[in-house]
Every structure is written in structure tokens, then in C-alpha cells.
*Asks:* 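Take this structure first; my questions come after.
Letters go in sequence order (proteins before strands), and every chain restarts at 1.
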Amino acid sequence: MGPGMKNTFDGIEPLVHKSQISVPYHWWAGETASRFFVELRDTKKIMGTRCDGCGKTFVPPRKTCPVCFTENTKWVECGPAGTVTSFTVVRKQQEALHHKVPVIFALVLLDGADTALLHRLDEVSPEDVKIGMKVEASFNETKDANMTAIAYFKPAS
Amino acid sequence: MERAAIIGTGMTKIESAKRTETFADMAWEAVNKALDDAGMTIDDVDNVVTTSNDFWDGRTISCMAVGDASGASHKNVSCVEGDGTFGAFYGLSRALSGSYGTTLVTAHSKGSESISSLITNASFDPIYDRWLGMDMVSASAMQANAYMERTGTTSEQLAMVSVKNHGNAVKNPLSQLPMSISVEDVLGSEMISDPLHKLDCSPVSDACCAIIIANESRVPAYSGCPVWIKGAAFCSDAFFLGDRDLSRAKALTEAAAKAFSMAGITNPSKEIQVAEIYDAFTYQELMWLEEMGLCESGTAGSMLEKGEFDIDGRLPVNPSGGLLGGHPVIAAGLIRIVEIVKQLRKEAGEYQVDAKRGLAHGVNGLCGQSHCVWVLDSEG
Ligand SMILES: [Zn+2]
């Protein structure tokens, strides 16, 4: 604060200007994610892309391999079962959440994949979740071609 | 490399909500303090780098909004979106380029003016991940679990980081959260996202920080006491959390190795005498220390228990109180540099440690996707 304006706020509340950024936005999913989402909705298959260079299979699928900087050309079916590589149980109701706490988020390394998929766990008590536990996808009946075609992951039967 | 030094620093106090100051007001204060410290006027500044984030500021091209208050009009000004250490890296490159002898670098944000959970949720991939509703805290909690599982680090050890850093903050008049607390206080505080309690998390903060970097040829022209940049490097990892081993920070290991090699350091755990580390969450201080090679993997927790990272320990870590003492996003890393400059100039007051060589560290992205490491020295 400049010395000339030192007394500006004497005896008054600083003025707050209230506003928000609210800009509707649409992202084209691109051909790789589009194929992934359509397959997920119509056939309940979780597809990854494989790199010819390093042999890694990426789920969710990417068009390019970040390791080799080449195009991933092969599609490979992965899961629907996999292993929890890490997780957290959110206990405090944060603004970004769409579910009531406790909410369990997890990284799931699907069978046949080399990268883990970020998703939610359900049908399990938070206290029973462990790194290394086996889980499987629970699918939604949905018309939407997006990630919500997997409702959540649950302990493998 | 060609030589450059930090010859001036300035920062505002870190506060939970700066209700009487705008972004530009904060920049004005920090920049003028840095100019005074360097013994310069704005005419001595050859170019300016501002560091900000549009989502946090609630406007596009946010960097330009602080340009006037940073003396950037009629100068070459450029912007970095990300942590202040990355802005400083760009500023250093410019000072070494031969085109500019001096660079003013600023970094600001006000966490108090928006909703952190929504802002950080927007850093997730919009097509695959954002819809889940994760944010910086839940992502970091997931990393904390992965790190603790791999290394056996305990919640009590995490809590001790909070006790140490809030305790150090008591001696730092610019920190936001000076607190004398116990391990029990931390473990008893609200569980936000397992395993992170409220007191394992840094606070929401407002602040601005500025530094002036000068090419060696310009250093003698000003009265500011130079602190020499011996090494500076950054490295980034994959974007998607599931692509990385979250229990490790490969990018930090590489960035640190590069910075140490530039500085001619062969045994960092012996040669670095003070460190200011990006402790946005308690586990991060321990994990980053290990991954940057300042101690063996999996040993930071037990070294902390022995007091080695205390203000009077073998390697004081975050003597200023760190981010747990105040976490203005964007500015936080630049403040780490300023704190090391204070230590090496013997200007750190009540939290002064005995050190000639220090390390400052900044992070950008979720769960430490990218890291920037600086090695600073009181002698040229
Ligand atoms: Zn590859």
C-alpha cells in the first residue's frame, strides 16, 4: 500500500467485487478416446492402445506413446479386472466431489495394461481397501459414450 | 555455465486473505522491496518475467494484469504459467542469453479469492479424468499412500513434519501459520483425505514474491549482496497419474542430479547445508528429500525423528516454515529461493542457520509432475 493511500480502509470494510468464470466448453474427444468410449458403452470392453516400440499398453488409450514419441497403432482389450496400485478415501466434502463422502478414488492397473486407470471404488468399506487388492469394473447401462460407462470398480468376485 | 546471481529479493507477508490488496498491489510491494534490496531503480531492469495462473486469477492472460505494477510497460515482458521457480529459470536463461543483463521475476496468487478444490480439479484431463471430482488434495493423498506403502513411512513421521515446519514458522514474521503443535494435534485434526489430516496440508494463502537476477557482468553495478546461482535444472514426468509410479519422483531425481552436477556437487547430502523444499503436504517434504538424493530412499522419516532436519540439525529443512507455514500457489517456489538467499546472506533473523550453500525447490503439476531445483552459494 502506498503511503498516500494508507488511510483508505480506515473505518470501512474493504469492498469485495463478486463475479465468476462460467464458460460452457466442449472438447472433441478425438479419435482415440472416441473409439474407447464407444467400445465401452456398446460392448463393455475396456480397450487400450499398444506401442510397437516399447510394447507398453496404455489405459486410458493414448494416440501417441509418451515414452517412445511414436504413434500407438494397436488396440488391445484389457481388464475388466485389475489391481489397485494406490487409493485414497476422501472424508471431507470438497467442492469438486460429485458423491457424498466417504468417496474412494483409486488407480487401477487393469490386467493386460501397463498404465493405471483413475477411477472410483464402491461396494467396499473404506477400511477394507488395500494397495494390491483385486477389483473389477462394474458397468453402467448408459447412452452416453464417456467414462461413466464404467460406474466404478468393486472387489473382484 | 556463465555466471549469474540473485541480487535482490522482495516478498509480501503470506496471509490467509489479503483483503485490502489486489494482485497488482501485491506485485507493487514485492517489486519495490526487491529493487530497494538490489539497490536498483526500475530503469536498471532490462526485462521482466511474471508468473501466474489464469484459473487462480480468474482472468485470461493474467500475467499481463500485474505487468504495470512490475514496471514491465515499455520493456520486454514474458510470462510463465506455473510455479515461480520455473519463471525464475526462464528469467535466468534470459540473463545469461547476452540480450538482457538483469531480469525481474515476479510470482503471485491469491488462493483466498476462489475455491481451491474446483481450481485444482480443472487441472485433470477433461476427457478422461476431470469428471471424477478429484482435486489436488485427493490426488496428493493417493500419492502419500503409495509413498508410505513403498517406504514404510508412518503417519506419526508425517505429523512430525507439520510440527517442525509450523514451529519454524513461529520465527518467521512473513509466515501465515506459526503454530506450536504436537504430533497428537496433527493426528487428531480432521481427516481430509486418507492419510492426510488437516494439519498435514498446507493452507490456502495469498502473497507475491519478486527476485532480480543479474548476469555476472552487471552484478558489481548495484549494491545488492549477490547470491550465486551454481546450478538450476528442471525436469517433467508424464501427465497422467496412472502413467507414473506415484510413490517415486523420477523427474525430481533427474532435475536434482543435473543441478548438483552443474554446481560440482558429488555428495549432495554432505554438501547442501540448508534446503527449502516444496512441502505442500507433510509427506512431500520426506519424499522429495529422498528423491532428490539428500538422503537414502525410505530414510527421511527416521532422520526427521532424530532431529536431523531441525533448524539446528545436520541439514535444516524449511527453516522458514515452508509451505505448511504458508502456501501461495505460484509464488511458493520463488519464496523458497528467497528464503535460501536470506539464509546465505545471514539475513534470516531468528531462523538463521549456519550455511554457505543451499537448495531451493519448486513443483508444478499434480503430485509433482515437474520439479525445479536450484543450488545457491554465498560465494561466486
Ligand atoms: Zn513406446
*Asks:* Not counting sequence neighbours, which residues clear salt bridge (Lys or Arg N to Asp or Glu O under 4.0 Å) with Arg35(A)? List them please.
*Replies:*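 For Arg35(A) the salt bridge (Lys or Arg N to Asp or Glu O under 4.0 Å) partners, ignoring immediate neighbours, are Glu39(A).
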
*Asks:* Hey, do the aromatic rings of Phe58(A) and Phe240(B) have their centres closer than 6.0 Å?
*Replies:*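 For Phe58(A) and Phe240(B), the ring centres are not under 6.0 Å apart.
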
*Asks:* Select, from Pro126(B), Gly58(B), Pro195(B), the one with the greatest count of heavy-atom pairs under 4.5 Å involving chain A.
*Replies:*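 Maximum pair count with chain A is reached by Pro126(B).
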
*Asks:* Quick one: CE on Met148(B) to OG on Ser86(A), what's the gap to the nearest 0.5 Å?
*Replies:*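 Between Met148(B) CE and Ser86(A) OG, I get 10.5 Å after rounding to 0.5 Å.
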
*Asks:* Answer whether the closest heavy-atom distance between the side chains of Met142(B) and Leu107(A) falls below 4.5 Å.
*Replies:*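 Of all side-chain heavy-atom pairs linking Leu107(A) with Met142(B), at least one is under 4.5 Å.
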
*Asks:* Using heavy-atom distances under 4.5 Å, tell me whether Phe239(B) contacts chain A through its side chain, its backbone, both, or neither.
*Replies:*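 Phe239(B) has no heavy atom closer than 4.5 Å to chain A.
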
*Asks:* Name the region of Asn145(B), side chain, backbone, both or neither, that has any atom closer than 4.5 Å to a heavy atom of chain A.
*Replies:*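 Both parts, heavy atoms under 4.5 Å.
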
*Asks:* Please check if the number of heavy atoms outside Lys74(A) that lie under 6.0 Å from its NZ is greater than 12.
*Replies:*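 Check fails, neighbour count at 12 or below.
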
*Asks:* Kindly compute the distance separating OG (Ser114(B)) from CD (Glu95(A)), expressed to the nearest 0.5 Å.
*Replies:*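 The CD atom of Glu95(A) is 10.0 Å from OG of Ser114(B), to the nearest 0.5 Å.
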
*Asks:* Considering heavy atoms only, which positions within residues 198-206 of chain B lie below 4.5 Å of chain A?
*Replies:*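 Residues in range: none.
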
*Asks:* Which one wins on heavy-atom pair count under 4.5 Å against chain B: Pro60(A), Gly132(A), Pro66(A)?
*Replies:*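 Looking at each of Pro60(A), Gly132(A), Pro66(A) in turn, Pro60(A) comes out on top.
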
*Asks:* Within the structure provided, determine whether Leu118(A) and Tyr128(B) are in side-chain contact (heavy-atom separation under 4.5 Å).
*Replies:*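 When only atoms from C-beta onward are counted, Tyr128(B) and Leu118(A) do not touch, as no gap falls below 4.5 Å.
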
*Asks:* Chain B heavy atoms under 4.5 Å from Ile12(A): which part of the residue, side chain, backbone, both or neither?
*Replies:*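 Interface part for Ile12(A): neither.
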
*Asks:* Side chain, backbone, both or neither: which part of Ile127(B) has a heavy atom under 4.5 Å from chain A?
*Replies:*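 Contact with chain A: backbone and side chain both.
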
*Asks:* Which region of His119(A), side chain (C-beta onward) or backbone (N, CA, C, O), has a non-hydrogen atom less than 4.5 Å from a non-hydrogen atom of chain B, or is it both or neither?
*Replies:*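 For His119(A), heavy atoms of backbone and side chain both lie under 4.5 Å from chain B.
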
*Asks:* Counting only heavy atoms from other residues, nucleotides and ligands, does the tally under 6.0 Å from CZ of Phe55(B) exceed 12?
*Replies:*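 No.
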
*Asks:* Side-chain contact, heavy-atom cut-off 4.5 Å: Asp194(B) with Pro126(A)?
*Replies:*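 Of all side-chain heavy-atom pairs linking Pro126(A) with Asp194(B), none is under 4.5 Å.
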
*Asks:* Under 4.5 Å between any side-chain heavy atoms of Glu190(B) and Lys92(A), yes or no?
*Replies:*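 In short, these two side chains touch, coming nearer than 4.5 Å.
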
*Asks:* Nearest 0.5 angstrom please: Leu246(B) CG to Thr85(A) OG1, how far?
*Replies:*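 These two atoms lie 7.0 Å from each other.
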
*Asks:* Less than 4.5 Å to any heavy atom of chain B: does that hold for the side chain of Glu13(A), its backbone, both, or neither?
*Replies:*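 The side chain, not the backbone.
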
*Asks:* With a cut-off of 6.0 Å (strictly less than), are more than 12 heavy atoms of other residues, nucleotides or ligands near CD1 of Ile61(B)?
*Replies:*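 No, not enclosed.
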
*Asks:* Can a donor-acceptor pair be found between the side chains of Ser138(B) and Thr88(A) at a distance below 3.5 Å?
*Replies:*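 No donor-acceptor contact under 3.5 Å links the two side chains.
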
*Asks:* Between NZ of Lys56(A) and CG of Asp243(B), what distance do you get to the nearest 0.5 Å?
*Replies:*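 If I round to the nearest 0.5 Å, the distance is 7.0 Å.
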
*Asks:* How about NZ on Lys250(B), more than 12 heavy atoms from neighbouring residues, nucleotides or ligands closer than 6.0 Å, or not?
*Replies:*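 Incorrect, the count does not exceed 12.
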
*Asks:* Take atom CH2 of Trp28(A) as the centre, draw a 6.0 Å sphere, and report whether it contains more than 12 heavy atoms from other residues, nucleotides or ligands.
*Replies:*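 Counting neighbours around CH2 of Trp28(A), 12 or fewer heavy atoms of other residues, nucleotides or ligands fall under 6.0 Å, so no.
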
*Asks:* Could you tell me which portion of Ala141(B) (side chain, backbone, both or neither) has an atom closer than 4.5 angstrom to a non-hydrogen atom of chain A?
*Replies:*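 Ala141(B) touches chain A through backbone and side-chain heavy atoms alike.
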
*Asks:* By a 4.5 Å heavy-atom criterion (distance strictly below it), what part of Tyr25(A) contacts chain B: side chain, backbone, both, or neither?
*Replies:*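 When you check distances to chain B, no heavy atom of Tyr25(A) falls under 4.5 Å.
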
*Asks:* Is the backbone N or O of Leu132(B) less than 3.5 Å from a side-chain atom of His98(A), with the two atoms forming a donor-acceptor pair by type?
*Replies:*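 Answer holds: no.
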
*Asks:* Apply the side chain to side chain contact (heavy atoms under 4.5 Å, CB included) test between Gln94(A) and each candidate in Leu118(B), Thr120(B), Asn121(B), Ile192(B); give the one that qualifies.
*Replies:*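 Exactly one candidate clears the test, Ile192(B).
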
*Asks:* Heavy-atom distances under 4.5 Å only: say whether Asp129(B) touches chain A with side chain, backbone, both or neither.
*Replies:*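 Only the side chain of Asp129(B) comes within 4.5 Å of chain A.
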
*Asks:* Quick check for you: among Arg244(B), Arg59(B), Glu149(B), Gln143(B), which has the greatest number of heavy-atom pairs under 4.5 Å with chain A?
*Replies:*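 Max contact count across the listed options: Glu149(B).
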
*Asks:* Check whether Ile115(B) gets within reach of chain A through its side chain, its backbone, both or neither, counting any heavy atom under 4.5 Å.
*Replies:*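 For Ile115(B), the side chain is the part near chain A, not the backbone.
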
*Asks:* Just give me the residue among Val89(A), Val90(A), Thr148(A) that pairs up with chain B most often, heavy atom to heavy atom, under 4.5 Å.
*Replies:*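 Ranked by heavy-atom pairs under 4.5 Å with chain B, first place is Val89(A).
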
